[in-house]
2 protein chains.
Amino acid sequence: MATMKDVAEAAGISIGTVDRIIHNRGRYSEETAELVRKSMKELNYTPNIHARGLKQTKKHIFSVVLPHREQDGGYWRLVEEGILKAADELISFGNDIRIFPFDRYSSSSCIDALSGALSTDTEGMLIAPCRPDDMRALLEHTNIPYIFIDTNIPDLKRRTAYIGQDSRQSGILAGKLMSLLIARNASTGQDQYVLVVDPPGSNFHLNNRIEGFRYYMDAVMPEIGLMTLKAEADDELHFHRRLKEFQTKNHLLPIGIFAANSSVYYIASFLEKEGDECSSIPLIGYDIIPGRESAVERGTIDFILTQQPEIQGYRGIIMLYDHIVLKKEVNKEVIMPLNIITRENIHTFTGYVNG
Amino acid sequence: MATMKDVAEAAGISIGTVDRIIHNRGRYSEETAELVRKSMKELNYTPNIHARGLKQTKKHIFSVVLPHREQDGGYWRLVEEGILKAADELISFGNDIRIFPFDRYSSSSCIDALSGALSTDTEGMLIAPCRPDDMRALLEHTNIPYIFIDTNIPDLKRRTAYIGQDSRQSGILAGKLMSLLIARNASTGQDQYVLVVDPPGSNFHLNNRIEGFRYYMDAVMPEIGLMTLKAEADDELHFHRRLKEFQTKNHLLPIGIFAANSSVYYIASFLEKEGDECSSIPLIGYDIIPGRESAVERGTIDFILTQQPEIQGYRGIIMLYDHIVLKKEVNKEVIMPLNIITRENIHTFTGYVNG
DNA sequence: ATTTTTTGCGTTATCGATAACGCAATATTA
DNA sequence: TAATATTGCGTTATCGATAACGCAAAAAAT
């Protein structure tokens with residue numbers, strides 16, 4: 001509860017000098033600085049956040065660089081929602097948060113978005129570097145601090161922080177849940193297999209999830225085969241068509257289906273259309289998509305895994321603000337908890353927790 | 001970004017009057033009030049939280065009334081940890097949070113704690129009313145605002161909020177997970193049963209959890225019997241003794257064990273002592289107890305359900321502060337998300353999320 | 001009719017950090 | 001040596017909300 005005035009008095013120096021020392025704002029001697037730092041320690045001085053916030057009328061500008069909301073099955077929409085929620089809170093303090101969306105399948109779009117963000121008077125950036133190679137060069141030559149969200153580029157050590165998920169582990173978890181779901185039916189017949197649905201596009205996390213799932217299934221249920229269905233378009237009808245094709249080609253139904261992202265909802269609607277025999281097939285996927293929870297509530301989808309992308313987005317912005325404006329220490333790496341959602345607990349997850 | 005001065009000017013009135021109207025601090029006419037309210041709406045005025053915080057040098061005092069940390073298998077320690085974390089943040093703003101612990105098995109201790117809290121100059125209370133009948137009378141006659149945590153007293157409508165858990169639903173979820181775990185072994189023999197461990201003491205949530213579990217198991221696996229073991233002391237050795245007794249009396253091992261609280265860790269240590277045949281029995285319980293995660297990591301405990309009591313405590317205090325000091329609107333009812341923890345995701349839950 | 005109380009409103013010091021401004025004293029350059 | 005630049009430090013207005021203080025005018029009580 002010591003004020004700057006207290007520190008100044010204890011050091012036998014003026015407030016102005018103390019302030020200059022704290023903020024390293026030139027024009028002071030190292031001697032007095034030492035003295036002041038000692039007094040600060042002794043009095044356990046912490047700046048009053050309110051006084052600071054009040055004085056700082058300066059409007060802070062932050063930029064967000066992430067894929068279009070519709071991409072990856074609406075995943076980015078969820079992230080963006082959390083970002084907007086945090087932005088809302090910060091805007092009311094006179095700050096500005098600018099979003100630079102890009103097409104995650106286009107190199108030029110990605111580069112444009114990032115250079116757009118860089119060319120403004122941004123003080124910090126929240127970046128989803130899902131095209132690391134397009135972004136690396138630009139990020140190596142900037143002094144603007146940035147936080148990575150969702151994907152990390154480990155070799156860019158100048159990042160302030162990374163907030164994301166352990167996607168391989170989530171695949172392993174999906175494998176475990178699948179093994180429980182199919183335990184009852186397994187080994188009652190020959191040629192049993194689990195269908196792995198690989199969503200369109202290539203994506204670090206998707207690959208990791210699938211790899212983790214495979215790893216677990218091969219280790220625990222080696223007798224169950226895994227078949228992969230690669231989708232080419234992020235579109236409900238496309239999924240239905242591909243599934244139908246698959247069904248006619250393979251007359252034997254899978255004993256379980258794993259979808260590596262929110263396309264699980266497309267699969268659910270297909271299975272429900274096909275009748276009870278299909279909709280009772282164990283089905284695991286990712287992310288709670290607002291408005292589509294009913295497939296979980298009905299039990300067509302058995303488990304949904306999520307790392308709450310909204311909260312990821314929300315916390316990303318708050319971390320940026322904490323770091324740059326409040327000058328707080330922030331965690332270098334935040335891994336989101338891996339939640340298991342099922343019909344019995346989904347209602348406790350809709351709507352925000354925290355924030 | 002409108003200030004109070006802007007509002008005053010727009011309404012053709014002084015700042016002092018605007019302030020009086022906002023805070024309902026007597027001495028103004030309803031006419032001008034109407035005018036001011038209109039200007040506030042028009043200018044979309046939001047008070048500057050920093051200016052407010054800066055001016056408010058007044059030290060706020062809050063009280064917390066909850067059971068001793070050791071009770072209910074260490075559950076309250078977790079709640080208290082979250083409370084202390086929030087308190088820490090608030091104390092640095094010059095506030096004071098006082099904890100009044102009580103013995104949840106003693107009526108007089110409970111009454112003493114609550115009247116202790118009430119007799120101070122507390123501005124708000126966070127209360128765990130796990131002895132509703134002892135607390136009701138006192139709470140009906142106070143004007144100090146309070147928030148209930150963990151347990152609710154629905155008929156006390158004057159509460160500011162309730163933050164807690166849906167315990168019956170968590171029992172149902174436990175039932176679902178149990179049914180998956182035992183699916184493989186079920187119906188291979190006669191007289192199969194699941195053991196339900198009822199921890200010492202009578203507790204609203206414990207009863208609900210067990211009731212929910214029973215409900216699910218009876219509905220989905222009626223052929224599996226449920227046997228109950230009632231423990232009398234919250235003590236690891238006591239549990240081991242009772243389990244040993246049970247084992248000698250019933251030569252047939254259970255095909256699954258459900259413990260309605262964190263005593264699941266006592267059961268895990270017993271099963272591990274008894275060898276592989278025992279430690280592979282499906283086991284479900286509650287709460288992550290710091291330092292005892294290894295039983296989950298080894299897989300002796302298959303699933304842990306938790307509603308993150310630390311976060312409950314943390315949020316309870318923050319809600320109190322938001323309501324009383326910042327005069328924010330707070331949710332009347334906050335139900336914590338129901339998390340499923342298993343060896344594949346426990347590492348993402350240790351340590352705080354949010355805060 | 002006079003005194004007292006109440007009501008309505010304006011003015012202003014204050015909270016703590018910040019950064020602009022100003023003034024010496026010292027150092028550097030011409 | 002004189003002119004200029006740099007360094008070190010003190011003083012003070014400012015951010016916006018708050019609440020104490022003061023002063024009239026109106027209302028109530030005597």
Side-chain angles (χ1 to χ4, degrees), chain A residues 1-37 39-40 43-60 90-95 123 322 324-328, chain B residues 1-37 39-40 43-60 90-95 123 322 324-328:
Chain A
M1 283 288 78
T3 72
M4 212 155 105
K5 204 173 152 195
D6 297 334
V7 173
E9 271 167 24
I13 220 83
S14 77
I15 301 189
T17 306
V18 174
D19 180 65
R20 258 168 253 140
I21 290 164
I22 290 176
H23 292 279
N24 211 28
R25 198 181 307 115
R27 312 274 281 277
Y28 60 86
S29 72
E30 201 39 50
E31 270 174 280
T32 31
E34 209 47 59
L35 211 67
V36 164
R37 277 193 274 267
S39 305
M40 274 173 41
L43 296 179
N44 194 20
Y45 167 77
T46 28
N48 183 314
I49 214 105
H50 292 310
R52 187 174 272 179
L54 179 59
K55 191 69 217 312
Q56 295 270 20
T57 50
K58 196 175 100 192
K59 147 174 164 165
H60 295 276
L90 297 185
I91 282 166
S92 68
F93 280 103
N95 301 293
E123 290 166 73
D322 280 355
I324 292 173
V325 181
L326 304 185
K327 281 152 193 163
K328 277 194 206 166
Chain B
M1 284 290 78
T3 73
M4 213 155 105
K5 201 173 156 196
D6 297 335
V7 173
E9 270 166 25
I13 220 84
S14 78
I15 301 189
T17 307
V18 173
D19 180 65
R20 259 169 253 139
I21 290 164
I22 290 176
H23 291 279
N24 210 28
R25 197 179 309 114
R27 314 275 280 276
Y28 61 85
S29 72
E30 201 38 53
E31 270 174 279
T32 32
E34 208 48 59
L35 211 68
V36 165
R37 276 193 274 267
S39 305
M40 273 173 39
L43 296 178
N44 192 20
Y45 167 77
T46 28
N48 183 315
I49 214 105
H50 293 310
R52 189 174 271 181
L54 179 58
K55 191 68 219 309
Q56 297 270 18
T57 52
K58 196 174 99 192
K59 147 173 165 164
H60 295 276
L90 298 184
I91 282 168
S92 67
F93 280 103
N95 302 292
E123 289 166 74
D322 281 355
I324 292 173
V325 181
L326 305 185
K327 280 152 193 162
K328 278 194 205 166

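We use all heavy atoms of the structure for the numbers below, so side chains are in, but hydrogens, waters and symmetry mates are not. Owing to the predicted nature of the structure, the values given are computational and were not obtained by experimental measurement. First the proteins, then the strands, lettered A, B, ... as listed; each starts at 1.
Of the possible polar contacts, none joining the B:Asp19 side chain to the B:Gly16 backbone as a donor-acceptor pair under 3.5 Å is found.
Separating the NZ atom of A:Lys5 from the P atom of C:dA17 is a distance of 11 Å, rounded to the nearest angstrom. One can place CZ of A:Arg52 at 13 Å from C1' of C:dA19, the figure rounded to the nearest angstrom. Straight-line distance from the NE2 atom of A:His50 to the C1' atom of D:dG16: 13 Å, rounded to whole Å. When rounded to the nearest whole Å, the span between OH of B:Tyr28 and P of D:dA26 equals 21 Å. The distance between atom CD of A:Glu9 and atom P of D:dG10, rounded to the nearest whole Å, is 12 Å. Atom CG in A:Asp6 sits about 8 Å away from atom P in C:dG16, given to the nearest Å. Whole-Å rounding puts the B:Ile21 CD1 to D:dA19 C1' distance at 15 Å. Rounded to whole Å, atom P of D:dA19 lies 6 Å from atom NZ of B:Lys55.
Judged by closest nucleotide on DNA chain C, B:Ser14 is the one of B:Ser14 and A:Arg27 placed further toward the 5' end. Across the interface with DNA chain C, nearest-nucleotide mapping of B:Ala51 and B:Gly12 shows B:Gly12 to be the residue nearer the 5′ end. Nearest-nucleotide positions on DNA chain D place B:Pro47 closer to the 5' end than the other of B:Arg20 and B:Pro47.
Within 6.0 Å of CD on B:Glu31 lie no more than 12 heavy atoms contributed by other residues, nucleotides or ligands.
In this structure, the separation between OG1 on B:Thr17 and OH on B:Tyr28 is 11.0 Å, given to the nearest 0.5 Å.
Side-chain nitrogen and oxygen atoms of B:Arg25 include at least one within less than 4.0 Å of the OP1 or OP2 phosphate oxygen of D:dA19. The shortest distance between the side-chain N/O atoms of B:Tyr45 and the OP1/OP2 oxygens of D:dA17 is below 4.0 Å. Contact check, B:Thr3 against D:dC15: no side-chain N or O comes under 4.0 Å of OP1 or OP2.
Contacts of B:Ile15 with the nucleic acid, taken as non-hydrogen atoms under 4.0 Å apart, include base atoms. Within 4.0 Å of A:Asn48, counting heavy atoms only, lie sugar-phosphate atoms of the nucleic acid but no base atom. Nucleic acid contact class of A:His23 (heavy atoms, under 4.0 Å, all strands): sugar-phosphate only.
For the pair B:Ile22/B:Met4, a side-chain contact is recorded, criterion being any heavy-atom separation below 4.5 Å from C-beta on. Side-chain contact check for A:Met40 versus A:Val36: some heavy-atom pair is nearer than 4.5 Å.
Checked against C:dC9, D:dC15, D:dT18, the side chain of B:Thr17 finds its nearest nucleotide in C:dC9. Looking at the side chain of B:Ser29, the nearest of the listed nucleotides C:dG16, D:dA17, C:dC9 is C:dC9.
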